[in-house]
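Structure first, commentary second.
This one's a predicted model, so the numbers in the text were calculated from it and none came from an experiment. For this chain, numbers begin at 1 and follow the sequence in order. Values below: every heavy atom of this structure, side chains too, minus hydrogens, waters and symmetry copies.
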Amino acid sequence: MADTVDKATEMTISGLQKAVDGYITTTGVRYFSPLTNMAVLAEETGEVARVMARVYGDQSTKSGETLNLADELADVMWVVAAIANQTGIDLTEAIERNIVKKTTRDATRHTSNPKLRTNPQE
């Protein structure tokens, strides 16, 4: 799989979707059902939460536990791309629309939020 990623250029969202599809339809044999992929997404999100709780939160690591936030986030993105592929969603278009929505809807929401004026780490 690593051989199919061009290291000289940044991967695009479209490129991610194509890479995931290429892997799933060859090495992975076929897509899991959308419901199974939703369960896998929940599982992977939980793994991100586990790492965050131990690295940035108050939990300590278990003996022999490895923490790799980058890998866990990549797993989440992988499953999101798989779900998008099997449901016919172009994530590039969806994200572009989402940014426009948030930019319009939240134009002053965060800058006028007094809760964001202080640093919670202080």
Side-chain angles (χ1 to χ4, degrees):
M1 183 65 200
D3 295 341
T4 63
V5 177
D6 181 1
K7 303 283 187 197
T9 61
E10 290 185 27
M11 178 176 278
T12 63
I13 297 166
S14 176
L16 170 64
Q17 284 190 254
K18 288 176 186 169
V20 168
D21 185 68
Y23 174 86
I24 289 173
T25 57
T26 58
T27 306
V29 180
R30 67 169 178 82
Y31 280 84
F32 295 144
S33 70
L35 184 56
T36 297
N37 271 336
M38 183 59 234
V40 173
L41 179 60
E43 176 185 0
E44 297 299 349
T45 303
E47 292 177 10
V48 169
R50 177 182 51 81
V51 173
M52 294 295 292
R54 284 159 175 73
V55 174
Y56 301 100
D58 300 323
Q59 281 193 334
S60 59
T61 57
K62 298 174 186 172
S63 177
E65 184 176 34
T66 60
L67 303 175
N68 187 334
L69 183 58
D71 189 55
E72 300 304 346
L73 288 171
D75 285 344
V76 168
M77 291 182 67
W78 177 280
V79 179
V80 167
I83 292 170
N85 286 348
Q86 69 188 145
T87 57
I89 294 170
D90 179 326
L91 280 175
T92 300
E93 291 177 6
I95 291 170
E96 287 170 349
R97 284 192 310 271
N98 192 271
I99 290 170
V100 168
K101 175 186 76 174
K102 284 178 173 53
T103 303
T104 304
R105 181 190 67 198
D106 301 332
T108 61
R109 177 178 167 214
H110 301 300
T111 56
S112 63
N113 181 350
K115 295 177 188 178
L116 296 177
R117 292 199 182 115
T118 61
N119 185 346
Q121 300 295 326
E122 294 175 342

Could you give the distance from OG (Ser14) to CD (Glu93), rounded to the nearest 0.5 Å? 9.5 Å
Applying side chain to side chain donor-acceptor pair (under 3.5 Å), can you list everything that pairs with Lys102, at least two apart in sequence or on another chain? Asn98
If hydrophobic clusters are built by linking Ile, Leu, Val, Met, Phe, Trp and Tyr wherever their side-chain heavy atoms come under 4.5 Å apart, do Leu35 and Val29 end up in the same one? no
Indicate yes or no: at least one non-hydrogen side-chain atom of Val20 is less than 4.5 angstrom from one of Asn85. yes
Drop me the distance from Asn68's CG to Glu72's CD, to the nearest 0.5 angstrom. 6.5 Å
Rounded to the nearest 0.5 Å, how far does CG of Asp71 lie from CD of Glu47? 9.0 Å
What is the minimum heavy-atom distance between Ile99 and Thr103, and which atoms define it? O-OG1, 2.6 Å
What verdict does the side chain to side chain contact (heavy atoms under 4.5 Å, CB included) test give for Val76 and Leu41, after you've listed the backbone C-alpha separation in whole Å, the side-chain angles of each residue and the deciding distance to 0.1 Å? CA-CA 6 Å; Val76 168; Leu41 179 60; 3.9 Å; yes
Run Leu67 and Arg50 through side chain to side chain contact (heavy atoms under 4.5 Å, CB included) and show every step you take. CA-CA 9 Å; Leu67 303 175; Arg50 177 182 51 81; 3.4 Å; yes
Taking Asp90's backbone N and O only, do any of them form a donor-acceptor pair with Gln17's side chain (distance below 3.5 Å, no angle check)? no
Distance-only donor-acceptor pairs under 3.5 Å for side chains of residues 55-62, two or more places apart:
| from | atom 1 | to | atom 2 | distance (Å) |
| --- | --- | --- | --- | --- |
| Gln59 | OE1 | Arg54 | NH1 | 2.7 |

Contacts satisfying side-chain hydrogen bond (donor to acceptor under 3.5 Å, both in side chains) that involve residues 34-45 (not counting sequence neighbours) are Ser33-Thr36, Asn37-Gln86
Hey, what do you get for CZ (Arg109) to CG (Leu116), rounding to the nearest 0.5 Å? 9.0 Å
Correct closest heavy-atom pair for Leu91 and Ala81 would be CD1-CA, 4.0 Å
What distance separates Phe32 CZ from Ile24 CD1, expressed to the nearest 0.5 Å? 8.0 Å
Answer yes or no: is there a donor N or O on one side and an acceptor on the other, between the side chain of Thr104 and the main chain of Lys101, under 3.5 Å? no
To the nearest 0.5 Å, what is the distance between CE (Met38) and CD1 (Ile83)? 6.0 Å
